[in-house]
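Taking it in order: structure first as structure tokens, then the write-up.
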Amino acid sequence: MYHDFGGDHSSRCYLPGVLSPRLNLEGLNPRQREAVLHEDGPLVVFAGAGSGKTRVITYRIAHCVIARNVPPWRILAVTFTNKAAGEMRERVGQLVPDGARELHVGTFHSMCARLLRRHAERMGVRRDFTIYDDQDQQAMVKRVLRDLSIDEKRFAPKTIAACINRAKQEVQRPDAMDASDVFQETAQRVYVAYEEAMQRAGALDFGDLIARPVMTLEADEAFRNELAGKYKHLLVDEFQDTNHAQFRLVRALGSVHQNLCVVGDDDQAIYRWRGADRRHILDFQRSFPSAAIYKLEQNYRSTKRILRVAHSIIAKNADREPKQLWTDNDEGTPPLIVRTEDERDEANMVVRAVQELITRGEALADAAVFYRIHAQSRALEVALRAANIPYRIVGGVRFYDRAEVKDVLAYLRLLHNPDDDVSVLRVLNKPARGIGKTTVERLMNAAARSGRGIWNTIERAGQEHALKGAALKKVCSFAELVKELQKLSSGPVSELCAAVLERTGYLSQLQQDNSAESDARVQNLQELHGSMLAYEQEADSPSLANFLEDVTLQTDVAEDDAPDQLTLMTVHAAKGLEFDTVLVTGLEERMFPFKGFDPWDDPDEIEEERRLAYVAFTRARQQLILSYASLRRVFGQARPGIPSRFIEELPADDVTWLGARPSTRGYTPAWSSSSRQETESRTSSHERERDNGQSYIDRCEGSDLSDDPAALFEGMHVRHPKFGVGQVQGVVGGAPARAKVRFERAGVRTIVARFLQPI
DNA sequence: CTTAGTAGGATTGAG
DNA sequence: TCCTACTAAG
């Protein structure tokens with residue numbers, strides 16, 4: 001975490017083989033070994049679930065160092081999460097004990113942040129920039145919208161921020177942005193003003209962290225050669241998750257040696273909505289014609305039955321690199337499909353299944369419950385608590401996202417960089433010190449007029465008559481407070497934090513509250529303080545600036561280390577993990593798959609949902625339990641639960657339906673809620689629902705567009721039965737033909753042509 | 001300026 | 001259903 005990207009290590013010498021053990025490649029299978037031994041030039045490794053992906057990366061790194069004499073500091077390994085980076089360093093360390101420390105391992109973002117600080121001047125940023133997270137970014141967009149007097153109702157800050165992020169993912173400056181309609185045009189205008197405001201605030205957002213280095217590297221050949229020349233080998237994990245900017249960064253950094261090893265699995269690409277593009281791995285050989293392709297298809301994790309079931313789901317996707325997992329493991333027990341009444345019944349089923357695991361003497365830590373959306377966790381929590389089963393929830397509200405933590409961090413950021421307007425505005429009246437809306441508005445107006453930051457405006461408020469009377473006095477005393485605290489800002493971070501908590505009155509205000517909620521907040525602040533003490537112990541050169549960077553780039557918090565508890569999480573959070581027993585809940589149409597039921601859904605969505613189901617199923621080592629509820633309450637309203645196609649499609653010989661299927665025979669565990677008699681046949685309710693879907697389609701008929709893409713053209717005005725009127729942005733070919741439409745009320749969506757009516 | 005009340009929106013979420 | 005974010009009254 002505290003390594004040094006882009007630093008000059010050329011004076012150091014590494015003695016291969018002298019201190020390190022020889023690397024034993026015996027334990028690798030032939031495919032793995034080929035990928036490890038592949039010499040120079042680009043290679044792509046398609047690594048299926050449970051096929052030993054990390055093993056290949058770590059062995060390849062170790063092999064480079066030990067057998068090929070590559071100095072560790074000339075190897076750069078890039079991951080997406082801090083956790084993955086930590087694990088990689090650790091596992092390389094087991095193979096090359098004294099090399100791992102000098103190895104460059106990091107996330108895209110941490111690596112880029114280092115590059116930006118080190119080469120600030122050449123990259124056109126200030127060295128002490130502040131990093132804005134998504135929340136800060138949105139606050140900034142909001143402010144810009146106000147400054148430009150743009151209606152926030154019509155142009156939601158969230159949507160505008162998404163447009164800006166998309167542009168940055170594509171490494172587009174505002175002028176390169178698509179401005180084909182009013183919305184895009186507005187987004188473009190806001191983007192320009194946003195960039196100016198960010199510059200004034202000395203802030204970069206997460207998109208900048210990647211895009212800026214890309215722009216500099218692509219524009220400046222000498223610089224590119226210098227930097228890319230440093231890294232003899234570049235390895236990228238989870239390559240299917242790269243967005244366009246990240247791809248270009250990798251390409252630039254690999255441009256000198258071309259020793260580019262990318263590893264991933266297109267079947268596990270579940271972050272399209274975040275800008276990830278599977279084409280980068282699928283078309284790798286097109287981008288790098290000399291690239292070798294390796295496929296790891298032997299699975300070491302699951303039973304044969306689980307793999308067959310998982311494959312039956314993923315094989316239906318048209319757009320994938322052909323491959324099929326196989327295993328030497330046992331046949332295993334058939335995955336179970338359980339029908340439950342509603343989400344409470346489902347939660348009770350989970351409880352009974354888990355209790356049976358306990359009875360069998362299995363550890364709770366070896367089991368997990370997955371769901372598609374967080375909202376599903378509530379019912380599970382209630383049942384688990386009632387049954388006294390210890391559990392932990394992964395994901396949800398993150399520590400550094402909590403309001404009180406962000407407040408204190410905003411104080412620290414303001415002390416470090418007073419130009420940081422978002423932070424100033426956040427803490428200006430926290431705790432309440434009588435600086436209200438009108439005062440803030442006056443300050444913002446004065447700041448906008450003079451082109452200065454808020455802090456700057458505050459300092460001049462008196463002499464420039466921006467404020468007067470009580471408001472001026474309050475703002476001045478805030479300024480005094482900040483200046484007092486600034487005197488401590490070069491000292492230890494933990495002490496500065498303590499001073500902030502004390503002198504601002506933030507802590508005493510919380511303590512006075514004396515509610516359960518405020519107690520929890522105080523505890524969180526104690527934890528924050530504790531994390532600073534730990535930081536001061538661990539960091540090479542602790543400083544306020546360094547701490548703030550770590551905190552914004554290191555959002556995951558230490559795992560809950562309670563000894564034996566059940567894990568609850570979304571399927572997205574489960575990627576990369578494995579458990580003996582996996583329960584996947586909520587397998588209903590419109591829940592999981594979440595999209596793909598309605599005819600107007602983008603057809604690509606169902607492929608992503610399929611991959612998501614594939615990820616869920618392949619987490620299981622021994623036993624897979626899939627459940628659906630006949631009635632599900634979502635956001636307070638009940639709706640019938642139609643069994644997901646992801647369970648309907650499973651090969652009948654490989655699964656056991658509990659209760660619902662008349663043909664089902666054999667073992668029915670006592671905990672199956674459906675050991676009771678069924679009153680209603682499963683198929684009948686199912687059919688009825690499909691009819692409902694059908695009737696909707698019927699209503700859509702009579703459109704003139706049928707399936708003929710030629711009937712659609714850019715700029716055409718159309719009506720959609722659900723989304724209303726909109727304008728065609730572009731036509732997507734293929735069958736069925738689709739069009740990208742911007743709806744007046746529903747934003748941009750991709751719609752199958754036959755559901756659009758020309759107006 | 002603060003507080004209470006209500007309307008509206010609510011996959012998935014790394015850094 | 002539940003939480004957040006804004007509006008209207010104290």
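Side-chain atoms are counted along with the backbone in the values below, which use heavy atoms only and exclude waters and symmetry mates.
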>> Can you measure A/W273 atom CH2 to B/dG15 atom P for me and round it to whole angstrom units?
In response: 13 Å
>> In this structure, how many angstroms lie between the P atom of B/dG13 and the CG atom of A/D241, rounded?
In response: 13 Å
> Please walk me through it: do A/D277 and A/R272 pass salt bridge (charged side-chain N to carboxylate O under 4.0 Å, His left out)?
Replying inline: CA-CA 6 Å; A/D277 189 348; A/R272 195 173 75 112; over 6 Å; no
> Atom CD1 of A/I270 and atom C1' of B/dA14: how far apart are they, to the nearest Å?
Replying inline: 11 Å
> Nearest of B/dC1, B/dT12, B/dG15 to any side-chain atom of A/L553?
Replying inline: B/dG15
>> Measuring only the C1' atom in each nucleotide, how far is C/dC3 from B/dA14? A whole number of Å is fine.
In response: 24 Å
> When you check the phosphate oxygens OP1 and OP2 of B/dC1, does a side-chain N or O of A/T438 lie under 4.0 Å from one of them?
Replying inline: yes
> Any salt bridge between A/D342 and A/R632, counting N to O under 4.0 Å?
Replying inline: no
>> If you only use heavy atoms from C-beta on, which nucleotide in B/dT12, B/dT2, B/dG15 is closest to the side chain of A/H109?
In response: B/dG15
>> Over all strands shown, is A/E609 touching base, sugar-phosphate only, or nothing at heavy-atom distances under 4.0 angstrom?
In response: base
>> As a test of the definition: with a 90° window around 0 for syn, would you call B/dT11 syn or anti?
In response: syn
> Rounding to the closest angstrom, what is the interatomic distance between C/dA5 and B/dT12 at atom P?
Replying inline: 16 Å
> Under the 6.0 Å and 45° cation-pi test, does A/R117 pair with A/F129?
Replying inline: yes
> Is A/K575 salt-bridged to A/E238, going by a charged N under 4.0 Å from an acidic O?
Replying inline: yes
>> We want to know whether A/S423 and A/D420 form a side-chain donor-acceptor pair, criterion being a heavy-atom distance below 3.5 angstrom.
In response: yes
> Which nucleotide in the set B/dT11, B/dG13, B/dA14 lies at the smallest distance from any side-chain heavy atom of A/T81?
Replying inline: B/dA14
> Nearest to the side chain of A/F206, which nucleotide is it out of B/dA10, B/dG15, B/dG13?
Replying inline: B/dG15
> If only side-chain N and O atoms of A/N429 are considered, is one of them under 4.0 Å from the OP1 or OP2 phosphate oxygen of B/dT2?
Replying inline: yes
> Going by ring centres under 5.5 Å and near-parallel planes (under 30°), is A/Y271 stacked on B/dT12?
Replying inline: no
>> Quiz question: by atom type and distance under 3.5 Å, do the side chains of A/Q169 and A/N243 form a donor-acceptor pair?
In response: no
>> For A/T439 and A/D134, find the nucleotide of DNA chain B closest to each by heavy atoms; which residue's nucleotide sits nearer the 5' end?
In response: A/T439
> Of all the choices, B/dA14, B/dG13, B/dT11, which nucleotide is nearest to the side chain of A/R372 once you look at every atom?
Replying inline: B/dT11
>> Considering only residues two or more places apart or on different chains, which pairs with a residue in residues 429-438 of chain A satisfy side chain to side chain donor-acceptor pair (under 3.5 Å)?
In response: A/Y411-A/R433
> So, A/N417 versus A/R126: side-chain donor-acceptor pair below 3.5 Å or not?
Replying inline: yes
Between the protein and nucleotides 3-5 of chain B, are there any N/O to N/O pairs under 3.5 Å, and if so, what are the atom names and distances?
none

> Taking CZ from A/F80 and P from B/dA14, how many angstroms apart are they, rounded to a whole number?
Replying inline: 13 Å
>> Under the criterion of centre distance below 5.5 Å and interplanar angle below 30°, is A/F594 classified as stacked on the base of B/dT12?
In response: no
> Between A/H572 and A/Y271, does the ring centre distance come in under 6.0 Å?
Replying inline: yes
> Out of B/dG13, B/dT11, B/dT2, which has the shortest distance to the side chain of A/R274?
Replying inline: B/dG13
>> Below the 4.0 Å mark, does B/dG13 have OP1 or OP2 next to a side-chain nitrogen or oxygen of A/H374?
In response: yes
> From the list B/dT11, B/dG15, B/dG13, which nucleotide is the closest neighbour of the side chain of A/E605?
Replying inline: B/dT11
> With a 4.0 Å cut-off, would you call A/D267 and A/R610 a salt bridge?
Replying inline: no
>> Can you tell whether the side chains of A/D237 and A/K53 come within less than 4.0 Å, N to carboxylate O?
In response: yes
> For the pair made of CG in A/L612 and P in B/dT11, what is the distance, rounded to whole Å?
Replying inline: 15 Å
> If you look at every strand shown and take non-hydrogen atoms under 4.0 Å, does A/N82 touch a base, only sugar-phosphate, or nothing?
Replying inline: sugar-phosphate
> Looking at A/D319 and A/R279, does any basic side-chain N land under 4.0 Å from a carboxylate oxygen?
Replying inline: yes
> Contact class for A/D133 (heavy atom, under 4.0 Å): base, sugar-phosphate, or nothing?
Replying inline: nothing
> Going 5' to 3' along nucleotides 1-10 of chain C, which nucleotides have protein heavy atoms under 4.0 Å from the base (write B), which only from the sugar-phosphate (write S), and which from neither (write -)?
Replying inline: BSS--S----
>> Between P on B/dA14 and CZ on A/F239, what's the gap in Å once rounded to a whole number?
In response: 21 Å
>> I want to check one thing: is the phosphate of B/dT11, taken as OP1 and OP2, less than 4.0 Å away from some side-chain N or O of A/T570?
In response: no
> In whole angstroms, how far is the C1' atom of B/dA14 from the CZ atom of A/F399?
Replying inline: 18 Å
> For A/D237 and B/dG15, what is the distance between atoms CG and C1' respectively, to the nearest whole Å?
Replying inline: 15 Å
